[in-house]
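A note on names: the letters A, B, ... follow the listed sequences, proteins ahead of strands, and every chain is numbered from 1. These figures come from a predicted structure and were not determined experimentally.
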Amino acid sequence: MTVRTRFAPSPTGFLHIGGARTALFSWAYARRHGGTFILRIEDTDVARSTPEAVQAIIDGMQWLGLAHDEGPFYQMQRMERYKEVIAQMLAAGTAYHCYTSKDELDALRAEQEAKKEKPRYDGRWRPEAGKTLPPVPAGVAPVVRFKNPLDGVVAWDDQVKGRIEFANTELDDFIIARGDGTPTYNFCVVVDDWDMGITHVIRGDDHVNNTPRQINVLSALGATVPQYAHLSMILGDDGQKLSKRHGAVSVMQYDEDGYLPEAVLNYLARLGWSHGDDEVFAMEQFVQWFDLDHITASAAQFNTEKLNWLNAHYLKLADPARLAGEVERRLAAQNVALAGGPELAKVAALYRDRATNLNELADAVHPFYVVPMPSDDVRTQHLTPAALTALGALREKLATCGWTAAELGPVIKQTAAEQGLKMPQVAIPLRVALLGLPQSPAIDAVLEVLGRERVLVRLDATLSAG
RNA sequence: GUCCCUAUCGUCUAGAGGCCUAGGACAAUACCCUUUCACGGUAUGAACCGGGGUUCGAAUCCCCGUGGGGACGCCA
């Protein structure tokens with residue numbers, strides 16, 4: 001059996017972190033088994049679905065590198081098929097028309113709630129042998145209800161949560177088509193999963209309660225019931241449920257915040273799934289390891305600090321040329337021109353071990369391209385008369401010495417010794433003079449990358465100002 | 001209210017009856033490295049929700065509580 005999985009978001013907003021993880025696991029499972037990963041857009045909620053949201057979901061998946069093999073399929077384009085199946089079920093007697101109005105339903109629900117009962121349809125229009133149905137009211141467009149079994153249990157072996165059983169008495173005859181003939185969610189999902197030959201349904205555990213209904217419909221249609229794996233939800237950093245109002249952000253926001261997709265992917269993979277003590281792994285490795293057995297059944301809290309750590313890790317590994325591209329994008333947004341400055345990839349390489357994200361990297365690199373203005377505090381603290389004297393002496397040597405870090409280090413050390421100063425007493429003022437900050441990577445490496453010409457210009461400016 | 005799911009360090013997790021004196025990672029703390037700040041390295045502290053069973057033996061199995069989450073729509 002070839003594995004076929006699907007990711008089926010409804011396009012009512014961006015792709016958030018929970019959806020991304022669901023997509024990742026579905027994708028990984030298909031890849032792991034040489035199967036097919038399908039993207040299906042569940043857009044039957046016409047009022048809330050938008051093309052922008054569809055695009056946002058596709059963009060998010062693309063950024064993460066989760067490519068689908070089939071689709072995207074749109075449910076709105078499959079209406080004829082759903083109606084066809086409904087007609088078949090009506091004919092077969094596994095579904096029936098119900099003329100109960102919304103008002104009557106509301107009244108029924110209120111009555112049941114008053115009696116502290118679980119609200120459910122009472123089956124008044126359900127045809128049974130020997131039962132007389134109420135007279136059909138004029139002018140009412142009936143809904144179609146599924147004829148759910150009255151007794152027995154629906155059970156499945158959830159690949160994450162283990163065996164789950166529901167008594168059919170807990171389920172009522174749910175609506176599969178509205179008064180206007182449009183099919184409802186639980187029905188569309190069933191027909192789609194069936195038609196698309198989905199073998200493994202990997203989705204959020206908010207769907208656990210839908211599963212017995214879907215299984216019953218599948219059975220009524222004579223369809224094979226797929227395997228189900230219900231993933232628990234991801235909680236926010238504060239332990240609270242993620243919602244549009246609270247904490248849920250688009251995966252694209254992570255791009256904007258300077259995260260690398262491989263870091264987000266690695267983090268997400270490890271959130272709710274484990275492979276022994278392994279923490280850091282590439283997607284290739286993940287796909288080889290991924291299975292449904294090691295998915296955690298309970299909800300997981302998002303931890304930005306761990307994501308940050310992973311991001312810093314992948315930043316250290318990243319190709320400087322790639323980092324240069326990312327940083328350039330960010331500097332351009334701040335109208336920082338790179339022309340006339342040192343080679344960006346080299347500067348990025350100097351700083352990639354020290355940054356947590358690409359925005360920090362961009363900030364760190366910034367003074368290499370825009371002559372910095374140290375604050376008065378920094379100036380008075382570090383550019384003391386003694387320091388300026390030393391910088392003056394150093395400037396003369398820098399005009400002529402060799403220009404590699406290996407050569408520059410000794411020059412600075414020697415100057416410090418000649419001035420009767422310790423290394424930091426020269427190196428720090430030099431940092432301030434060149435970059436406007438008392439901290440930087442190894443000063444000799446900074447000099448090498450900045451280049452003799454720019455170093456001398458900046459030193460002269462500092463010396464004449466001081 | 002009813003039904004369903006769930007419960008190991010602050011957080012993510014390992015753990016499938018003896019390998020558990022409960023392991024790893026992030027975070028925290030300390031120290032080391034160092035030319036500053038980082039990075040890095042080393043070390044330390046930190047958990048089996050409670051109560052009953054089952055068993056020679058339970059973090060692991062069962063039951064009952066409690067906490068957390070979800071569902072009960074002509075939403076998806």
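Aromatic pair A:H207/A:Y185: centroids less than 6.0 angstrom apart. Aromatic pair A:W289/A:H275: centroids less than 6.0 angstrom apart. Between A:F290 and A:F25, the ring center distance clears the sub-6.0 Å criterion. Ring centers of A:Y99 and A:W125: under 6.0 Å apart, within the cut-off. Aromatic rings of A:H200 and A:Y29 (six-membered ring for Trp) have centroids within the 6.0 Å cut-off, being under it.
Rounded to a whole Å, the CG atom of A:D353 is 15 Å from the C1' atom of B:rC33. Note: CD (A:Q301) to P (B:rG67) measures 20 Å, nearest angstrom. Distance A:L350 CG to B:rU36 P: 16 Å, rounded to the nearest Å. Between A:Q381 atom CD and B:rU36 atom P there is a gap of 15 Å when expressed in whole angstrom units. Between A:K161 atom NZ and B:rG70 atom P the separation is 12 Å, expressed in whole Å. As rounded to whole Å, 14 Å separates atom C1' of B:rU13 from atom NE2 of A:H275. In this structure, A:E113 places its CD atom 14 Å from C1' of B:rC3, rounding to the nearest Å. The separation between A:I295 atom CD1 and B:rG15 atom P is 13 Å, rounded to whole Å.
Of the residues listed (A:L394, A:L398, A:V449, A:L408), the one engaging A:V455 in a side chain to side chain contact (heavy atoms under 4.5 Å, CB included) is A:L398, and it is the only one.
In this structure, the nucleotide among B:rG69, B:rU35, B:rC5 sitting nearest to the side chain of A:K413 is B:rU35. Relative to the side chain of A:A297, the nucleotides B:rU35, B:rC3, B:rU6 differ in distance, and B:rU6 lies closest.
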B/S/- contact track for nucleotides 71-76 of chain B, protein heavy atom under 4.0 Å: SBSBBB
I'd like to compare against my own output: the B/S/- annotation of nucleotides 21-32 of chain B with a strict under-4.0 Å heavy-atom distance to protein. --BBBSS-----
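For the P atom pair drawn from B:rG57 and B:rC12, the interatomic distance equals 33 Å after rounding to whole Å. On the P atoms, B:rA27 is 22 Å away from B:rC33, given to the nearest whole Å. The separation of B:rA22 from B:rA58, taken at their C1' atoms, amounts to 13 Å, rounded to a whole angstrom. A distance of about 31 Å separates the C1' atoms of B:rU21 and B:rG40, rounded to the whole Å. Separation of the C1' atoms belonging to B:rG18 and B:rU55 is 12 Å when rounded to the nearest angstrom. Nucleotides B:rC39 and B:rG52 are separated by 48 Å at their P atoms, to the nearest Å. Annotation: B:rC9 and B:rU2 have their C1' atoms spaced 36 Å apart (nearest Å). Nucleotides B:rA38 and B:rC49 place their P atoms 38 Å apart, quoted to the nearest Å.
A 3.5 Å limit on both hydrogen-bonding distances identifies B:rG70 as the Watson-Crick or G-U partner of B:rC3. Using Watson-Crick or G-U wobble geometry with both donor-acceptor distances under 3.5 Å, B:rU54 finds no partner in any strand shown. Across all strands shown, nothing is found opposite B:rU35 as a Watson-Crick or G-U wobble partner with both distances under 3.5 Å. Under the Watson-Crick or G-U wobble criterion, with both distances below 3.5 Å, B:rC49 is paired with B:rG65. Base pairing of B:rU60: no nucleotide in any strand meets the Watson-Crick or G-U wobble criterion (both distances under 3.5 Å). Base pairing of B:rU29: its partner is B:rA43, meeting the Watson-Crick or G-U wobble criterion (both donor-acceptor distances under 3.5 Å).
Within 4.0 Å of A:I443, counting heavy atoms only, lies at least one base atom of the nucleic acid. If you check every strand for non-hydrogen atoms under 4.0 Å, A:Y351 touches nothing. A:G239 comes within 4.0 angstrom of no nucleic acid atom, judged by non-hydrogen atoms across all strands. Residue-level contact check: A:A442 touches the bases, meaning some heavy atom is under 4.0 Å from a base atom. Contact annotation for A:K316: backbone-only contact, meaning every heavy-atom pair under 4.0 Å involves sugar-phosphate atoms and none involves a base.
A:Y259 is not listed as a side-chain neighbour of A:L358, based on a closest heavy-atom distance of 4.5 Å or more. At a threshold of 4.5 Å between non-hydrogen side-chain atoms, the residues A:V201 and A:D193 count as touching. The closest side-chain heavy-atom distance from A:L435 to A:R458 is below 4.5 Å.
Here A:K316 does not pair with A:D353 in a salt bridge; the nearest charged N to carboxylate O distance is not below 4.0 Å.
Qualifying side-chain contact (heavy atoms from CB on, under 4.5 Å) partners for A:N168, counting only residues two or more places apart in sequence or in other chains: A:N148, A:P149, A:V154, A:L171, A:N216.
Each of A:P441 and A:E165 was matched to the nucleotide of RNA chain B holding its nearest heavy atom; the match closer to the 5' end belongs to A:E165. Along RNA chain B, the nucleotide nearest A:D293 and the nucleotide nearest A:K116 are compared for position; the residue whose nucleotide lies closer to the 5' end is A:K116.
Using a 3.5 Å distance cut-off with no hydrogens or angles, the side chains of A:D158 and A:W156 do pair a donor with an acceptor.
Of the side-chain N and O atoms in A:S232, none sit less than 4.0 angstrom from OP1 or OP2 of B:rU6. Neither OP1 nor OP2 of B:rU36 sits under 4.0 Å from any side-chain N or O of A:S440.
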